[in-house]
Amino acid sequence: MKTSIILFPGTNREKDMAMALKRVTGHDPALVWHKETDLGTPDLIILPGGFSYGDYLRCGAMAAHSPVMKEVIACAERGTRILGVCNGFQMLIETHLLPGALLKNKTLKFICKHVNLKTENGESEFTSKLGKGSVINVPVAHGEGNYFANDDILHELDDNDRVAFRYCDGNGAVTDEANPNGSTANIAGIMNKRKTILGMMPHPENATQDWQDNKSGLLLFESIVEALA
Amino acid sequence: MKATVRIMLKKGVLDPQGKAIGGALHGLGFEGVGEVRQGKVIELDVPDGTEEGRIRDMCEKLLANPVIEDYKVELEP
């Protein structure tokens, strides 16, 4: 399985992502600079977290128009699997590969803490080993992760089982109190219609190593690696 | 010539920055301030005779996010 992690100026979570991938696949993923215009034929493309282009204009907006992104979009159209985490999710929104928008957190604060996520769609290639209703505990670290979607988009997401994760409490209850950033309907991660693209604000890659608080994020990586094996 | 683009969050989209600014104004004793909304202004130097449609195209493709933001274009000859 070939994985390419795309690097932009200001990206800072690529090594965490590479460690998670290495743990699951046994080999190092390729790191690809954003000026690259030929991605080859990766099985999985990862847009990692960070602050690409200093979050200028809107988070992810400049990265969405960088040279490599034309190729990422072309790969997406061919069905290449894509995972975007945090800033990577913001890029997927800005390229319109995923719908909606990510606004400033409702509290206006940068939030850095562990959150619980309820798996809403447990049958996708990204979530098959998690299973519907399961709860994982992973960190968030963002200032602009407040997912916004109008009613049309929300219905479309629900009708097609496109919500991957919602913020929940430790028992899996999706409540206002468990919503860290004001996201519409507690949405933490969504997929495209074909379920080949997953974008999420929380960091599953930071719950994959022995020295981290827990390893519940591993199941996500194991799911996609098994699907693409 | 100069083109000015004013970008504001659409009505109905929560603007926590505007709310915080409003709260701070109240804290400073400025009473009677209702809703406060924050946006951004982008000034562009463009060739003379540039049509508004071209600037709007820039807004749709990059400068604004039409999902959450409205924009207005002003051209100064």
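Residue numbers begin at 1 in each chain, while the letters A, B, ... track the order of the sequences. Note that these values count all heavy atoms, side chains included, but never hydrogens, waters or copies made by symmetry.
For the set B/Leu14, B/Val67, B/Leu62, the entry with the most heavy-atom pairs within less than 4.5 Å of chain A is B/Leu62. When A/Glu94, A/His96, A/His65 are compared by the number of non-hydrogen pairs under 4.5 Å with chain B, A/His65 comes out ahead.
Taking a 6.0 Å sphere around NE2 of B/His26, one finds it holds more than 12 heavy atoms contributed by other residues, nucleotides or ligands. At most 12 non-hydrogen atoms from other residues, nucleotides or ligands lie less than 6.0 angstrom from CZ of B/Arg54. Environment of NZ in A/Lys106: sparse, with no more than 12 heavy atoms of neighbouring residues, nucleotides or ligands closer than 6.0 Å. More than 12 heavy atoms of other residues, nucleotides or ligands sit less than 6.0 Å from atom CZ of A/Phe110. For A/Glu123, the CD atom counts as loosely surrounded, since its 6.0 Å shell holds 12 or fewer non-hydrogen atoms of other residues, nucleotides or ligands.
Distance check: B/Lys40 NZ to A/Arg58 CZ gives 6.0 Å after rounding to the nearest 0.5 Å. Note that the CD1 atom of A/Ile93 and the CG atom of B/Asn65 stand 8.5 Å from one another [nearest 0.5 Å].
For a residue to count as touching a neighbouring chain, one of its non-hydrogen atoms must lie under 4.5 Å from one of that chain's; by this rule B/Lys19 does not touch chain A. For A/Leu57, the parts lying under 4.5 angstrom from a heavy atom of chain B are both the backbone and the side chain. Contacts between A/Asn150 and chain B at a heavy-atom distance below 4.5 Å are absent for every atom of the residue. Contact annotation for B/Ile42: only side-chain heavy atoms (C-beta onward) come within less than 4.5 Å of a heavy atom of chain A.
Contact annotation: the side chain of A/Lys104 approaches that of B/Pro16 to within less than 4.5 Å [non-hydrogen atoms, C-beta and beyond].
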